[in-house]
Amino acid sequence: MIVPFIDHQLTESTVDPNRSEEEVSGDCADKTPPNKKGRLKQTTLSFTGLPRRVKPCETAEPTQSSTETQPERTVASNEKGTSSSNPNTSANQAPSTSFVSSCSGSGIIEKPSQPIGPMDASRPAKPVSSSMSPDYDVGEFLLGKTKATDFEKAYILKTKWKGQAGFEWPFSCRKDGTKRYLRQSHLDKFSDFAYSKTVGGILCKACVLVGLQETHFRTDATLGKLVTKPLNRYDRLIGATGDLTKHVNTEYHKSAASRCHEFHSNYQKNTNVYKSINSHHEEVCKQNRKRLEPLVKTVIFCGQNNIALRGRDDSGPMDVENTKDGEGIFRRLLRYRIESGDRELREQIVSAPRNACYTSGDIQNQIISCVGAEIKEKIINRVKESGFYTIMADETTDVSSTEQLSVCLRYYHKESNTIKEDFISFIEVLEHEHSEKNKEECSVVIEQSAPKTMEEYLESCYKVNEATHTLEEPRLTGNVIGKAIVSEIETSGLSPEAAIAQSYDGASVMSSESIGTCAYVKNHCPYAEYYHCSAHALNLTLVHASKIPAVRNMISTVKEITNFFSTSNKKKITLKMTHDLSQKSQGGALQSLCETRWVERITALENFASNYVTIVRALMAISQWKDVSAKSKAVWLIKSITDSTFIVTLFTCVVVTSNIDQLSKKLQQKNTCLSSAMGNVNNILAVLEDDRKNSIHRFESIMQLINDTISPLKLNIERPRIAKRSTLRSNPDLDTATDYFRVTIFTPFLDTVIEQMHFRFNDKTQFLGTFDILLPSKCCKDDMKEEQFAQLWKKYAATLHANQIQPDDTAGVHAFTQYRQWVMKWKTEVSDRVPSDHMTALQHCDVDMFPCIYALLTIAIILPVSTATVERSFSSLRLLKTYLRNRSCETRLNGLAMMYVHPNEKIDIERVIERFASDGNRRLLLL
């Protein structure tokens, strides 16, 4: 049975909320006045008035190591006729208690303001030692001037008083001057007595704590020493006529001792009741959490596999046996689990209240949000452990025309020794920035009361019109994007000083050093230097190279041919049949040219060049059709595709950019270091510059490849007609076609690529050269490396100090010492074991021995290479927010994105349920 909540009561007594803490303290004993004959009324002690809900807490017997303030215990008052004790109950009989579990109509459980336990905390508890500590001095409670808590009573009555080490035992003098000392043996023989430093004598613990405070004794004997005043004469303590012996035989002491025994018994029973309540509460929570677990796992499964949870009609209770028309996949998966034997889920769906089934759309959103928050927290914790991180962001428009800003972080993961780039959030930039501002401006108009007359109505309309004219145009500026990024960093709890770089595309709104996003982020993250995305830089290189007229015309013709075959299934079949006749193992289908990523066009051009003969033959076949439109278009395309300029330009671009394609794929990898990426750029540049020096020989090999490819079509490469004067195309007066195309196409294209790569990558290459002095393979070869290390330290000294890495080393003395030790360490190593890259060097660097070197190596490997991870998140966004799911709110979208983008992230189901339980009041007990 699912218990929505429990209501515990030990007795029928209730707590008076108007009573003070002093009145509540010590109410475990009955305060029934004595009868007229002066005898003690035999009453029982009780603990009553527990709160409605008991949270799990530790309630044990008084221990000797407790030094903290005990939680306040709420008990009932017997002063106003609410006594739960039976006056006819004997002194040795335990009070009756009852354990009641009931249900409320609302089902909402109120949490107690303080943990519940059997110890009173009207006054902070004092430290406890192995013996009777002087802090628990029974003299403090003499005559009821200070009321003892139940915990203090139980502890003092149970523990024998012993003098501490170095304690000076008191004495009294007889008439002849003889000193009689109080000894430990006196108190060991009578455990009911204790010495009080406060009053300077011996007191009876039972009579002081229970007898006087709780009963107001009226006996034939006048109460005096050991009860209302201390015993400070120690010459007659034991023996038949001793003061201690006589006191223990008095009626009021025996009654007080009996009441103390009863108090201790009830105290222990009350502790066991609390334990029973808490254990039952924990068992109910455990069962409810177990029943909620299948729901959470189903949501995670759908999120990781991008499965839509909801259907057309998910309203109403869920039928376990029958499927309702229009139900979503979430409910169908739950029914499949039930059919597979999930008893806990069946119990949850069948027996839970209708408002606690947890299958509604709102509950799905809350679980999705909790799962996303759990994944994000794990990522943020890893970023904090790494010490430094890089910010990567970009903006796109989703299917609902909403501006979405994707934020990713790049950092070093110590446990796996890898570089990670993790997506953390989508942000609706314009919605966040302008909605609040417009709400504030229009709040005065909107909050006006409803008009009662026509004049008031017209006046309100005029005010709305005026407010409408004051609305600002939503603009996606650099400050707006920067504000969203900084807000996300602060909300995640990351240190702004730990951000050492930021990377975006080359758009001016992002890269402007005065009003762009990088400038705004730099003001809040002072050490975050801007790095242009290397993949975008390479893309821009090809964009500029394609501006050559021959290259531009070739790309336009390839687009026309690709669109020509993709618009008709008959043409696709013709192309496939022509490919089969050519007996080629690969090819057949043409790839369209990407509109934004020019690097991706290289693959499409390679595919086009490899299928050149097949494409020409397919166009020849289509040119024989009866379809006039297709026939005439095919004839025109054949003339364009067989032109010598087109053929040479196509194969020249494919050969020159073949190495750039591999570089582009390398730049988009997550585990690529910027230093190694720039090394690859330098290698590509070296190859291109070598081709430029040997352009004649290199172009002859390209012409040989062209002739071999077009030979089945019996085509020849011919030089275009030379005019005496031409301003629209290159017109060199050269004898051969090879020389003509080498001068007009190969050389200009190659020069443009080399020039653009130098322009866009030189700064990064020169800067990253300073990090090479940390490489063991290079720092041991040159003795002048200390000067370069001084430049590197000067750049990042403030960053290291801000992150508490050698904060006192302002002059860099410790840093230079560590660098010398680092160099000497590798000079003695075998050359085969010396690391040659920063990643391997970081794995061999001892953070305790070389903290500065370790930090600099970490910075070197997490400097951003590209924003490809952000672009990948855009692909996930298009899959998550589709035409049919275009109204997902930001919270739901982020939760689904975290599950889909990070499918291999281990999710702790228990922590997700804890988040879900803490996020508002729940009908089921989960905490």
K.L.:
My understanding is that only residues two or more places apart in sequence, or in another chain, count here; which of them pass side-chain contact (heavy atoms from CB on, under 4.5 Å) with Asp848?
P.N.:
Asp846

K.L.:
Output every pair passing salt bridge (Lys or Arg N to Asp or Glu O under 4.0 Å) with a member in residues 476-501, not counting sequence neighbours, ordered by first then second residue.
P.N.:
Lys376-Glu488, Glu433-Lys483

K.L.:
Specify the closest pair of heavy atoms between Tyr527 and Ala798, including all atoms of both residues, with the distance to one decimal.
P.N.:
OH-O, 3.5 Å

K.L.:
Got a sec, which pairs hit salt bridge (Lys or Arg N to Asp or Glu O under 4.0 Å) with one end in residues 535-546, sequence neighbours left out?
P.N.:
none

K.L.:
Give me the atom names and distance for the closest heavy-atom approach of Ala484 to Val429.
P.N.:
CB-CG1, 4.5 Å

K.L.:
Can you pull out every side chain to side chain donor-acceptor pair (under 3.5 Å) where at least one residue sits in residues 814-825? Sequence neighbours excluded, please.
P.N.:
Glu786-Arg820

K.L.:
Distance check, rounded to the nearest 0.5 Å: Met898 atom CE versus Ile379 atom CD1?
P.N.:
4.0 Å

K.L.:
Quick check: does any side chain N or O of Asp398 sit under 3.5 Å from a backbone N or O of Ser400, one acting as donor and the other as acceptor?
P.N.:
yes

K.L.:
Under the ring pair (Phe, Tyr, Trp, His ring centres under 6.0 Å) rule, collect the residues that match up with Phe426, sequence neighbours excluded.
P.N.:
Phe423

K.L.:
For residues 851-871, please give each side-chain donor-acceptor pair under 3.5 Å, one per line with the distance, not counting sequence neighbours.
P.N.:
residue, atom, partner, partner atom, Å
Thr858, OG1, Tyr854, O, 2.8
Ser866, OG, Leu667, O, 2.9
Thr869, OG1, Glu421, OE1, 2.3

K.L.:
Any ring-ring contact (aromatic ring centres under 6.0 Å, His included) pairs touching residues 378-411, not counting sequence neighbours?
P.N.:
none

K.L.:
Has Ser503 got a side-chain atom pairing as donor or acceptor with His532's backbone, closer than 3.5 angstrom?
P.N.:
no

K.L.:
Report the residue from Thr657, Asp751, Val656 that forms a side chain to side chain contact (heavy atoms under 4.5 Å, CB included) with Leu688.
P.N.:
Val656

K.L.:
Could you check whether Asn417 and Gln843, counting side-chain N and O atoms only, form a donor-acceptor pair closer than 3.5 Å?
P.N.:
no

K.L.:
Can you list every pair that meets ring-ring contact (aromatic ring centres under 6.0 Å, His included) and has a residue in residues 891-919, with sequence neighbours left out?
P.N.:
Tyr358-Phe916

K.L.:
Among His413, Lys414, Lys420, which residue meets the side chain to side chain donor-acceptor pair (under 3.5 Å) test with Ser416?
P.N.:
His413

K.L.:
Evaluate whether atom NZ of Lys378 has more than 12 neighbouring non-hydrogen atoms of other residues, nucleotides or ligands under 6.0 angstrom away.
P.N.:
yes

K.L.:
Please indicate whether Ile515 has more than 12 foreign heavy atoms, meaning atoms of other residues, nucleotides or ligands, lying under 6.0 Å from its CD1.
P.N.:
no

K.L.:
Decide side chain to side chain contact (heavy atoms under 4.5 Å, CB included) for Ile419 and Met839; before the verdict, give the C-alpha distance in whole Å, the side-chain angles of both, and the deciding distance to 0.1 Å.
P.N.:
CA-CA 9 Å; Ile419 303 172; Met839 192 69 184; 4.1 Å; yes

K.L.:
Which residue pairs pass the side chain to side chain donor-acceptor pair (under 3.5 Å) test with at least one member in residues 669-685, sequence neighbours excluded?
P.N.:
Ser675-His838

K.L.:
Start with the C-alpha gap between Val823 and Phe789, add the side-chain angles, then the distance that decides, and say whether side chain to side chain contact (heavy atoms under 4.5 Å, CB included) holds.
P.N.:
CA-CA 12 Å; Val823 174; Phe789 181 78; over 6 Å; no

K.L.:
Among residues at least two apart in sequence or on other chains, which ones pass ring pair (Phe, Tyr, Trp, His ring centres under 6.0 Å) with His544?
P.N.:
none

K.L.:
Start with the C-alpha distance between Leu792 and Leu774, add both sets of side-chain angles, then the distance that settles side chain to side chain contact (heavy atoms under 4.5 Å, CB included), and finish with yes or no.
P.N.:
CA-CA 10 Å; Leu792 185 63; Leu774 301 176; 4.0 Å; yes

K.L.:
Test your reading of the model: is there a side-chain donor-acceptor pair from Ser546 to the backbone of Val543, 3.5 Å cut-off?
P.N.:
yes

K.L.:
When the side chains of residues 363-375 are checked against the rest of the protein, which donor-acceptor pairs come out under 3.5 Å, sequence neighbours left out?
P.N.:
residue, atom, partner, partner atom, Å
Gln364, NE2, Thr359, O, 3.4
Asn365, OD1, Arg310, NH2, 2.9
Asn365, OD1, Arg892, NH1, 2.5
Gln366, OE1, Arg922, NH1, 2.7
Gln366, OE1, Arg922, NH2, 2.8
Glu374, OE1, Arg911, NE, 3.4
Glu374, OE1, Arg915, NE, 3.0
Glu374, OE2, Arg911, NE, 3.0

K.L.:
Could you list all the salt bridge (Lys or Arg N to Asp or Glu O under 4.0 Å) pairs where at least one residue sits in residues 793-805, not counting sequence neighbours?
P.N.:
none

